Protein chains: 2
Amino acid sequence: MTTVGTPRIDPTALPGRPCSAAAALELVGDRWSLLAVREVMFGNHRFSEIARNTGAPRDRLAARLKVLVEAGVLERREYQQSPPRSDYHLTPAGRALAPVLEALVRWGDEWAVQSPPITLLHHDHQLQPNWTCAECGEPVRSRDVHRRMNVPGWDLSGPVPGGAADQDRRD
Amino acid sequence: MTTVGTPRIDPTALPGRPCSAAAALELVGDRWSLLAVREVMFGNHRFSEIARNTGAPRDRLAARLKVLVEAGVLERREYQQSPPRSDYHLTPAGRALAPVLEALVRWGDEWAVQSPPITLLHHDHQLQPNWTCAECGEPVRSRDVHRRMNVPGWDLSGPVPGGAADQDRRD
DNA sequence: TATGCCGGTTGGAAAATCAAACTCACGCAT
DNA sequence: ATGCGTGAGTTTGATTTTCCAACCGGCATA
């Protein structure tokens, strides 16, 4: 059995700014994918459970699960052979989505709903996540965060006129 | 001038499990919204800049910006009156999306692209974010995180048979 | 034989998306 | 005054995606 690494996206092939967020959204940024991952994280591994608990149409869900498996986010396991039945489990890449979902939940709790439908518990108390910088130990405040673009032809304000990303337009 | 709070979604009205992540995705979970927010965070406030740097079709972008403004994520400002010209700025709710985008970037960096197109800097070193629990100070490991559903009729495995969320199906 | 469960697939209608062209109000140069 | 460029969208018509409901196939149970 060959272990297939997650296929990689070339972010410069995406429309707009080359950015890992755009690449990530290309894989999990549709209406149902993250909710499907959420269900698997909650321990609901079977197609019907995921369909019921996300509300996704079955055909869409089947299509997205296929993409997520190809993307290396989920693993499909046959749990019986006759009739053939599969369920879905998180890969390391899938487990790594936990912070994304958690950030989303926290934003939703604060800005999208009246009261949190789900409470996150750490050990036996309520989870109050804190971003710190492992390098310097300080809490991360957004005004201390800066960005640098590593792609020739782009800077933070967009494509640089005459730069590499602009080459197909010069003549 | 009345300050309009962000309108709230009733998560039990959404398809599937009532969950803040689903509510959040209802607002910012389409193909272009988070990328538009990213651009505004990067300091690109104008329609044309956002359109160019996200790659979004102009009509879609116009529609999404409208939704984001109504949702209280962005603020639209007239920066001149004649001809009328507006640009877009982050509200507190918009700024609060930073952790979501950051989590997405970090996931994309690790699992979706070969090499990070954008580097996040904290002060003058590379940002290495760490989740800790403000309550107990420990780093957050996913096996220490548990969830509790607060909505009657639901638990982690789905709608509870006979429970409140199931009432429209009993007869 | 009939019924239900499970993991999907199929068909057709409805909705969302797209790229490109267009609008409208201006400022500026010719 | 004529034309040109800018900026923030809107319109258009074709394409693509999504949705819902029904269906399928293999098996277990009654």
Side-chain angles (χ1 to χ4, degrees), chain A residues 13-16 22 25-37 39-40 43-70 74-89 157-159 161 168-169, chain B residues 13-16 22 25-36 39-40 43-70 74-89 157-159 161 166 168-169:
Chain A
L14 263 39
L25 290 171
E26 195 73 7
L27 295 180
V28 299
D30 78 299
R31 174 138 189 221
W32 304 113
S33 293
L34 280 177
L35 300 183
V37 169
E39 286 306 317
V40 179
N44 301 306
H45 301 282
R46 289 151 89 116
F47 186 89
S48 309
E49 295 171 335
I50 302 171
R52 166 170 46 78
N53 291 353
T54 58
R58 303 169 69 80
D59 60 335
R60 292 292 81 216
L61 182 60
R64 291 314 299 185
L65 290 175
K66 218 166 274 179
V67 170
L68 290 173
V69 167
E70 279 161 23
L74 295 179
E75 185 199 342
R76 185 184 172 170
R77 284 191 205 155
E78 280 214 344
Y79 65 86
Q80 69 177 37
Q81 276 161 332
S82 133
R85 290 285 179 269
S86 311
D87 58 10
Y88 296 88
H89 293 264
S157 68
D168 40 353
R169 277 203 264 152
Chain B
L14 263 38
L25 290 171
E26 196 74 7
L27 296 180
V28 299
D30 78 301
R31 173 138 191 220
W32 303 114
S33 293
L34 279 176
L35 300 182
E39 285 306 316
V40 179
N44 302 306
H45 301 282
R46 290 152 87 119
F47 185 89
S48 307
E49 294 170 336
I50 301 172
R52 168 169 45 78
N53 292 352
T54 58
R58 304 170 71 79
D59 61 335
R60 290 296 79 217
L61 182 59
R64 289 314 298 186
L65 289 175
K66 218 165 276 179
V67 170
L68 290 173
V69 168
E70 279 162 22
L74 295 179
E75 187 199 341
R76 185 183 173 169
R77 284 191 204 153
E78 281 217 343
Y79 65 86
Q80 70 177 34
Q81 276 161 330
S82 131
R85 291 285 177 269
S86 311
D87 57 9
Y88 297 88
H89 293 264
S157 68
D166 223 33
D168 40 354
R169 276 202 265 150

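Predicted model, so just to flag it, every value in this text is computed and none were measured. Naming: A, B, ... by sequence-line order, numbering from 1 per chain.
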Length of the NE2-P vector between His45(B) and dA8(D), whole Å: 12 Å
Under 4.5 Å between any side-chain heavy atoms of Leu61(A) and Leu65(A), yes or no? yes
Partners meeting salt bridge (charged side-chain N to carboxylate O under 4.0 Å, His left out) with Asp87(B) (sequence neighbours left out): none
Once you round it to whole Å, what is the distance between C1' of dT17(C) and CG of Asp30(A)? 15 Å
Touch class at under 4.0 angstrom, heavy-atom based, for Arg76(A) against every strand present: sugar-phosphate
Please determine whether a side-chain nitrogen or oxygen atom of Ser82(A) lies at a distance below 4.0 Å from atom OP1 or OP2 of dC27(D). yes
Arg58(B) side chain: which of dA21(C), dC26(C), dC18(C) is closest? dA21(C)
Please determine if a side-chain N or O atom of Arg31(A) lies less than 4.0 Å away from the OP1 or OP2 oxygen of dT17(D). no
When you measure from the side-chain N and O atoms of Tyr88(B) to the phosphate of dG9(D), is any distance below 4.0 Å, counting only OP1 and OP2? yes
Asp59(A) has a side chain; which of dG7(D), dC20(D), dC6(C) sits nearest to it? dC20(D)
Report yes if at least one side-chain N or O of Ser86(B) is closer than 4.0 Å to OP1 or OP2 of dA8(D); otherwise report no. no
Short side-chain N/O contact from Tyr79(B) to OP1 or OP2 of dA8(D), under 4.0 Å: yes
What is the separation between atom CD on Gln80(A) and atom P on dC27(D), rounded to the nearest whole Å? 10 Å
Want to settle it: does Lys66(A) or Pro83(A) sit nearer the 5' end of DNA chain C, counting the closest nucleotide to each? Pro83(A)
Just how far, in rounded Å, is C1' of dG9(D) from CD of Glu49(B)? 15 Å
Side-chain (Ser33(B)) to main-chain (Gly29(B)) donor-acceptor, under 3.5 angstrom: no
Would you say the side-chain atoms of Glu49(A) pair up with the backbone N or O of Arg46(A), donor to acceptor, closer than 3.5 Å? yes
Taking only N and O in the side chain of Ser48(B), is any of them less than 4.0 Å away from OP1 or OP2 of dA8(D)? yes
Would you say Tyr79(A) and Pro84(A) make side-chain contact, with heavy atoms under 4.5 Å? no
Between CZ of Arg85(A) and P of dC5(C) the distance, given in whole Å, is 12 Å
Please report the distance, rounded to the nearest Å, between CZ in Arg60(A) and P in dT10(C). 13 Å
Walking DNA chain D from its 5' end, the first of Phe47(B) and Trp32(A) to be reached, judged by nearest nucleotide, is Phe47(B)
Please state whether the phosphate of dA8(D), meaning OP1 or OP2, lies under 4.0 angstrom from any side-chain nitrogen or oxygen of Arg46(B). yes
For Asn44(A) and dC6(C), what is the distance between atoms CG and C1' respectively, to the nearest whole Å? 15 Å
Between dG26(D) atom P and Glu78(A) atom CD, what is the distance in whole Å? 14 Å
